[in-house]
Amino acid sequence: KLFLDFKMNFSIPENSTGIVMPPPQPPPENPTGLDSTNHTAVYGELMNFSNLLTLYYYILFGITSIFFLLLLYLIFFQTPIEVKSSKWFLLKLIISNFCTVTVFFLWQPIPLFPFLGAFSNGVFKYVGNFGTVIALNLVSITIAALMLSIIACMVQKVVLFLLSGLIAN
């Protein structure tokens with residue numbers, strides 16, 4: 001009898017065509033955690049972060065350029081003859097490092113936290129979406145070259161110092 005009372009008192013809304021409509025669902029929660037009513041503050045915080053990150057890219061590129069030129073001078077003019085075989089590995093390492101920093105400087109990606117995305121603030125932004133794809137591919141290639149250069153330097157160290165000591169003993 002309790003079931004019949006509940007069934008008789010319970011009414012399901014119908015639209016004008018007589019089709020039974022499900023009850024309305026509450027709106028989903030904001031997955032980003034950002035206040036959707038305060039767009040100006042969020043935009044201002046993003047632009048402040050963008051300016052700081054752009055300043056970081058300029059400082060990084062300036063310091064890297066100075067050290068790149070200094071290391072080129074040291075490798076070509078101050079390297080002793082005993083380390084001449086390692087000179088080319090070091091040269092490859094600093095060139096690949098400089099290329100990686102240069103691509104990041106030209107791209108200047110600004111991440112959009114908490115989202116998985118970014119926008120370009122460097123020279124590549126004038127090429128459009130295709131420029132971002134080119135920059136991302138260049139970064140991938142230069143980072144791979146940098147990793148290979150580091151591995152080559154480590155292998156060169158093992159070959160020069162460890163194996164020659166084992167062979168001499």
Side-chain angles (χ1 to χ4, degrees), residues 28-36 38-168:
E29 293 183 20
N30 189 354
T32 62
L34 297 174
D35 183 14
S36 61
N38 198 0
H39 295 294
T40 307
V42 172
Y43 180 76
E45 289 176 14
L46 178 64
M47 287 301 107
N48 287 339
F49 177 72
S50 170
N51 293 337
L52 288 175
L53 204 54
T54 302
L55 179 65
Y56 164 76
Y57 287 128
Y58 280 110
I59 291 172
L60 178 69
F61 183 72
I63 291 172
T64 304
S65 299
I66 291 169
F67 279 110
F68 176 71
L69 294 174
L70 177 68
L71 287 171
L72 280 179
Y73 171 76
L74 290 175
I75 287 175
F76 282 120
F77 299 112
Q78 300 297 321
T79 304
I81 294 176
E82 295 83 16
V83 216
K84 191 170 186 171
S85 62
S86 298
K87 174 166 80 170
W88 302 111
F89 290 100
L90 293 173
L91 186 64
K92 180 182 176 189
L93 180 65
I94 66 165
I95 288 174
S96 59
N97 183 22
F98 184 72
C99 288
T100 303
V101 171
T102 303
V103 170
F104 265 106
F105 176 72
L106 294 175
W107 183 21
Q108 293 183 11
I110 308 295
L112 297 171
F113 298 121
F115 306 109
L116 184 60
F119 66 92
S120 176
N121 202 22
V123 176
F124 284 111
K125 74 178 175 184
Y126 298 111
V127 185
N129 291 339
F130 189 67
T132 304
V133 171
I134 291 172
L136 186 61
N137 287 328
L138 286 175
V139 165
S140 301
I141 290 168
T142 56
I143 287 177
L146 186 60
M147 289 189 301
L148 289 174
S149 300
I150 291 170
I151 291 171
C153 286
M154 291 169 35
V155 168
Q156 177 71 13
K157 177 186 171 195
V158 168
V159 169
L160 279 180
F161 299 113
L162 294 180
L163 293 182
S164 62
L166 292 174
I167 293 171

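Everything quoted here is computed from the prediction, not taken from an experiment.
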For [Y], is there any backbone N or O sitting under 3.5 Å from a side-chain donor or acceptor partner on [X]?
{"X": "Tyr57", "Y": "Trp107", "answer": "no"}
{"X": "Asn137", "Y": "Val133", "answer": "yes"}
{"X": "Thr100", "Y": "Thr142", "answer": "yes"}

Which is it for Thr132 and Val127 under the side chain to side chain contact (heavy atoms under 4.5 Å, CB included) test, yes or no, and what are the steps along the way?
-> CA-CA 8 Å; Thr132 304; Val127 185; over 6 Å; no
Out of Leu93, Ile94, Leu70, which residue meets the side chain to side chain contact (heavy atoms under 4.5 Å, CB included) rule with Ile75?
->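 By the side chain to side chain contact (heavy atoms under 4.5 Å, CB included) criterion, Ile75 pairs with just one of Leu93, Ile94, Leu70: Ile94.
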How many angstroms lie between [atom1] in [X] and [atom2] in [Y], if you round to the nearest 0.5 Å?
{"X": "Leu72", "Y": "Phe67", "atom1": "CG", "atom2": "CZ", "answer": "13.5 Å"}
{"X": "Lys87", "Y": "Ile81", "atom1": "NZ", "atom2": "CD1", "answer": "9.5 Å"}
{"X": "Asn97", "Y": "Lys92", "atom1": "CG", "atom2": "NZ", "answer": "13.5 Å"}
{"X": "Ile143", "Y": "Leu148", "atom1": "CD1", "atom2": "CG", "answer": "12.0 Å"}
{"X": "Thr64", "Y": "Leu69", "atom1": "OG1", "atom2": "CG", "answer": "11.0 Å"}

Using a cut-off of 6.0 Å, state whether more than 12 heavy atoms not belonging to Phe49 lie near its atom CZ.
->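 Counting neighbours around CZ of Phe49, more than 12 heavy atoms of other residues, nucleotides or ligands fall under 6.0 Å, so yes.
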Answer yes or no: are there more than 12 heavy-atom neighbours, outside Leu55 itself, under 6.0 Å from its atom CG?
->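 Buried by this count: over 12 neighbours within 6.0 Å.
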How close do [X] and [Y] get, heavy atom to heavy atom, and via which atoms?
{"X": "Gln108", "Y": "Gly122", "answer": "CB-N, 3.7 Å"}
{"X": "Ser96", "Y": "Ser149", "answer": "OG-OG, 3.2 Å"}
{"X": "Asn121", "Y": "Ser50", "answer": "ND2-OG, 3.6 Å"}
{"X": "Phe124", "Y": "Gly131", "answer": "CD2-O, 3.6 Å"}
{"X": "Pro111", "Y": "Leu53", "answer": "CD-CD2, 3.5 Å"}

Between Trp88 and Phe76, how do the two ring planes meet: parallel, tilted or perpendicular, split at 30° and 60°?
->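 Aromatic pair Trp88/Phe76 classed perpendicular.
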Parallel under 30°, tilted from 30 to 60°, perpendicular over 60°: which one fits the rings of Tyr58 and Phe105?
->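 Tyr58 vs Phe105 ring planes: perpendicular.
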Between Phe119 and Lys125, is a side chain to side chain contact (heavy atoms under 4.5 Å, CB included) present by the stated rule, with each step listed?
-> CA-CA 8 Å; Phe119 66 92; Lys125 74 178 175 184; over 6 Å; no
Walk me through it: do Phe98 and Phe61 pass the test side chain to side chain contact (heavy atoms under 4.5 Å, CB included)?
-> CA-CA 9 Å; Phe98 184 72; Phe61 183 72; 4.2 Å; yes
